[in-house]
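Heads up: the structure comes next, in structure tokens.
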Amino acid sequence: MKQKQNPLWFLVATCAFVLWCGCADDGGGKGPAVPHAVKATDDKSCLACHKDGTNGAPKAPHPDKTGCTSCHAAPDPVGGDAGTDGRTEDKETTDDGAQDAGTLDDGSLDGAQDTGEQDGAGADSGPGQDAGTGADGAEASYPPILVSAMVHMDPLPSGMPEQQILNVYQSFRDGVVWYADLAAKTGLRISAQSTGVYAEAVVFSGHEGDFLEFMPGGTHHLGTHLHANVRGVGSLAWTDLPDQQKNDPASVLQVFNDNIPFVNAIFEANGFGAADNWYFHGTHASYTGMDGPLYSNDGTAATAYPNTYDTCGAVRGTPRAFRGSCGDPSPAGEASADGRFVKIAEVGGIIGYDELHGPEGMVYGTVPYQRRDFLRVFLEWRENARLFPETPPLHFNYMIHPYQLVAGKTGTDGAQIRQSISDFVEWLWANFAGKTDPRDRIVAIFGTVPDIKRRFSEWETAHAGIKDSLAAEVNTRTFFRRLPGIHAALDRAYHEEALDLGAGVTAHRFVERDTGADWVLLFSDEGTVTVPAGGHVPAERDVMSGDGTVTRENSPTLAVGESPVLVGPPGAFEAQDGGNGDAGGPSPDGGFLDGGPPSCADGGSCPPDRVCCPSPRPCAGLCVADCRLDAGFACPPQAPNCDPSTGLCGP
């Protein structure tokens, strides 16, 4: 996010990280794979970053060598066409942000930032692995997981003197700049969605250049996100709409008209236009039926902005893009085979804390749960790559807010949030980003919402016949089709560590959060491998297969095949109903769809298994899990005690 004299995004985006130009022979004649999307794969483009360490890229130890990508497997080039100055040519709209009528935007929506490009090359991963489909529609290989870091540029405080507001903005800006610097060093790609309130402070302070690399064709991406703020008279003078007006069409229109032009101003200052601001993440002010008037800007409302959105955030926890309505807040009927909006959901939660999702979110915001959720997507990717390469491509998103990026800010686990983010990104990089599996398939690469959208559009073109089945899958919320039993079980667990159980076996230790018991996930990439019992693999054990079938075993060895199994002590997987102990994934009552738990504000009632959170708690006005119910729920370590009179967790 450093301001640049010249827009060198074409070269910067080409080499955001670890493309060691030339072949650093590791004994096998093959260097590490490129973990990020690229704009070009010629040596000149690679050396633009790696010869001198531009943008934090590691310096190549052998810049004199040629044929960078002959040794370092790289994705096919993606992004804007160089002939159009990197601007996306397809502006089809896919807005999604206004998904819920008044939903809390705490990461529950996901900004599926798409560029509208139909090029699915970004899904491709390396020699012979064309991420998606070739020109003839033939599937060459299953594409890698696209990992995108989401940031909501939320509103600044209101009702303060101008200088105090700017002081808060500066602290937030410092956090965002820190995050962009981390991305430059690690290859992470950031998809940011800004409110007009935050954007006005950017424009007022002359910091539009911070977002140069977020423009079309750049390393990162910028879209729109709204709370329920309207602008008064004078600079930085914003107020919140009263609750009773947040779903009023005239008030919602005012929110859109006041906010969006400031986000557009950032694009304009960097040489782009409102047509390039096509992704809408979410809004706290919305009403059913606003897709046409406000997202599509169809002329039936007096919009003061020219944007037409075509991509939006979607059901939280869904690792696939799909289609549907952006403005419909209902959890049912969202997906369709041919809706005009592309929807992309967040898979992970908010690193640091996620208080708006109640007790579950208090736990869900910690890194062990982020690792768990990524590994669930990885398991799905692995099954698809082995057996079902026609399946839609997968993505993994997690998010953060600028106020959580402020130096010294701690999360619900007591850890420094900046350190938690660094640890998580390092874990992704060390184990997955740019790494290949034993069959030479790249597992994951860093990308942005435009990359996700492109990949989904490419898949749609090649697999039009199974779009209906994807819509049905999303609507029934069976997001993981291959391993439903294991995925459901892991709702109650977090990732602790990878284990070394010998050659040919991959093993990860999870901790079941209710009892603290060890569970071990195991699979082999080399046929069936025998693992001796001992340590984390007990001789007497329950073994769960992917479909949820549990067998009781008592044996000194465990046979592990290519299909993953989850191993725990006897009785470990009983009563696997998900319940209200789910730590942030889709819940049966829709509590984690489009903005978090149902609202009980203004006298609203809660479902039978939830209670209304009172003020001044962070979850005030929301229906949160009733900790008194015996449904596999346990209060988080940060609030471990269940109050028998209220059903709320506390100190």
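For this chain, numbers begin at 1 and follow the sequence in order. Scope of the values below: all heavy atoms of this structure, side chains included, with no hydrogens, waters or symmetry mates.
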Next item on the list: Quick one: pull up CD in Glu213 and OG1 in Thr219 and give me the separation to the nearest 0.5 Å.
Entry: 4.5 Å
Next item on the list: Using only heavy-atom distances, determine whether the side chains of Asp298 and Ser296 contain a donor-acceptor pair under 3.5 Å.
Entry: no
Checklist line | Phe280/Phe256 under ring pair (Phe, Tyr, Trp, His ring centres under 6.0 Å): CA gap, chis, key distance, verdict | finding: CA-CA 11 Å; Phe280 201 106; Phe256 274 59; 5.2 Å; yes
Margin query: Arg418: which residues meet the salt bridge (Lys or Arg N to Asp or Glu O under 4.0 Å) condition with it, sequence neighbours left out?
Written below: none
Margin query: If you apply the rule side chain to side chain contact (heavy atoms under 4.5 Å, CB included), what do you find for Leu394 with Arg320, and how did you get there?
Written below: CA-CA 5 Å; Leu394 299 173; Arg320 302 182 180 91; 3.6 Å; yes
Check: Given side chains that start at C-beta, do those of Pro393 and Leu146 come closer than 4.5 Å, heavy atoms only?
Finding: no
Notebook entry, point to check: How about Phe204 and Leu166: do any of their side-chain heavy atoms sit closer than 4.5 Å?
Noted result: yes
Next item on the list: Decide whether Thr303 and Asn297 meet the rule of one side-chain donor and one side-chain acceptor closer than 3.5 Å.
Entry: yes
Margin query: In the structure I gave you, are the side-chain heavy atoms of Leu182 and Ile421 within less than 4.5 Å of one another anywhere?
Written below: yes
Margin query: Testing the 3.5 Å rule here: is there a donor-acceptor pair between the side chains of Thr224 and Tyr309?
Written below: yes
Checklist line | side chain to side chain contact (heavy atoms under 4.5 Å, CB included) assessment of Leu226 paired with His284 | finding: CA-CA 6 Å; Leu226 301 182; His284 293 191; over 6 Å; no
Notebook entry, point to check: Which heavy atom in Arg455 sits nearest to a heavy atom in Ile145, and how many Å separate them?
Noted result: NH1-C, 4.1 Å
Notebook entry, point to check: Is any side-chain heavy atom of Phe446 closer than 4.5 Å to a side-chain heavy atom of Ser148?
Noted result: no
Next item on the list: Would you name the heavy atoms of Ala265 and Val203 that are closest together and state the gap between them?
Entry: CB-CG2, 3.9 Å
Next item on the list: Answer yes or no: is there a side-chain heavy-atom contact under 4.5 Å between Leu222 and Met215?
Entry: yes
Notebook entry, point to check: Judged by modelled atom types alone, do Asp174 and Ser171 share a side-chain donor-acceptor pair under 3.5 Å?
Noted result: no
Item checked: Distance-only donor-acceptor check, side chains Asn307 and Asn264, under 3.5 Å -> yes
Next item on the list: Measure the spacing between CD1 of Ile417 and OH of Tyr179 and express it to the nearest 0.5 Å.
Entry: 11.5 Å
Checklist line | Side-chain donor or acceptor of Asn270 paired with backbone N/O of Glu208 under 3.5 Å | finding: yes
Margin query: On a heavy-atom basis, which atom in Lys343 and which in Ala314 lie closest, and how many Å separate them?
Written below: CB-CB, 3.4 Å
Item checked: Qualifying salt bridge (Lys or Arg N to Asp or Glu O under 4.0 Å) pairs, either residue in residues 218-242, two or more places apart -> Glu200-Arg231
Next item on the list: Decide whether Arg340 and Ser325 meet the rule of one side-chain donor and one side-chain acceptor closer than 3.5 Å.
Entry: no
Check: Side chains of Leu405 and Phe172: closer than 4.5 Å at any heavy-atom pair?
Finding: no
Next item on the list: Might you work through the side chain to side chain contact (heavy atoms under 4.5 Å, CB included) test for Met399 and Val151, ending with a clear yes or no?
Entry: CA-CA 5 Å; Met399 67 91 64; Val151 181; over 6 Å; no
Next item on the list: Please indicate whether Glu426 has more than 12 foreign heavy atoms, meaning atoms of other residues, nucleotides or ligands, lying under 6.0 Å from its CD.
Entry: no
Checklist line | Separation of His227 NE2 from Asp154 CG (nearest 0.5 Å) | finding: 3.5 Å
Next item on the list: Provide the closest heavy-atom pair for Phe322 versus Thr318 in the form atom of the first, atom of the second, distance.
Entry: CE2-CG2, 4.2 Å
Checklist line | Contact summary for Val147 and Phe374, nearest pair of heavy atoms | finding: CG2-CE1, 3.8 Å
Item checked: Inter-residue atom distance Ile190.CD1 - His220.NE2, 0.5 Å rounding -> 4.5 Å
Note to self: Within the 4.5 Å heavy-atom criterion, are Ser158 and Thr239 side-chain neighbours or not?
What the structure shows: no
Next item on the list: Examine Tyr398 together with Phe424 and report whether their ring centres are nearer than 6.0 Å.
Entry: yes
Next item on the list: Please step through side chain to side chain contact (heavy atoms under 4.5 Å, CB included) for the pair Phe211 and Val263, ending with a clear verdict.
Entry: CA-CA 11 Å; Phe211 290 92; Val263 184; over 6 Å; no
Margin query: A side-chain contact here means heavy atoms from C-beta on lying under 4.5 Å apart; do Ile344 and Asn397 qualify?
Written below: yes
Notebook entry, point to check: Do Tyr198 and His401 have ring centres separated by under 6.0 Å?
Noted result: no
Margin query: Taking side chain to side chain contact (heavy atoms under 4.5 Å, CB included) as the criterion, tell me which of Asn259, Ile165, Leu156 meets it with Trp238.
Written below: Asn259
Check: Nearest 0.5 Å, what's the CD1-CE distance between Ile266 and Met153?
Finding: 7.5 Å
Next item on the list: Working to the nearest 0.5 Å, report the span between CG of Leu428 and CG of Leu188.
Entry: 8.0 Å
Check: Going by the salt bridge (Lys or Arg N to Asp or Glu O under 4.0 Å) test, which pairs reach into residues 396-408, not counting sequence neighbours?
Finding: none
Item checked: side chain to side chain donor-acceptor pair (under 3.5 Å) partners for Tyr305, two or more places apart -> none
Next item on the list: Taking all heavy atoms of Asn247 and all of Ser286, pick out the closest pair and write down the distance.
Entry: ND2-O, 2.9 Å
Checklist line | side chain to side chain donor-acceptor pair (under 3.5 Å) partners for Ser251, two or more places apart | finding: Gln245, Asp248
Check: With distance as the sole test, does Ser205 use its side chain to make a donor-acceptor pair with the main-chain N or O of His207 at under 3.5 Å?
Finding: no
Margin query: Under a 3.5 Å threshold, yes or no: a donor from one side chain and an acceptor from the other, between His152 and Tyr403?
Written below: no
Check: Who pairs with Gln419 by side-chain contact (heavy atoms from CB on, under 4.5 Å), at least two apart in sequence or on another chain?
Finding: Gln416, Ser422, Asp423
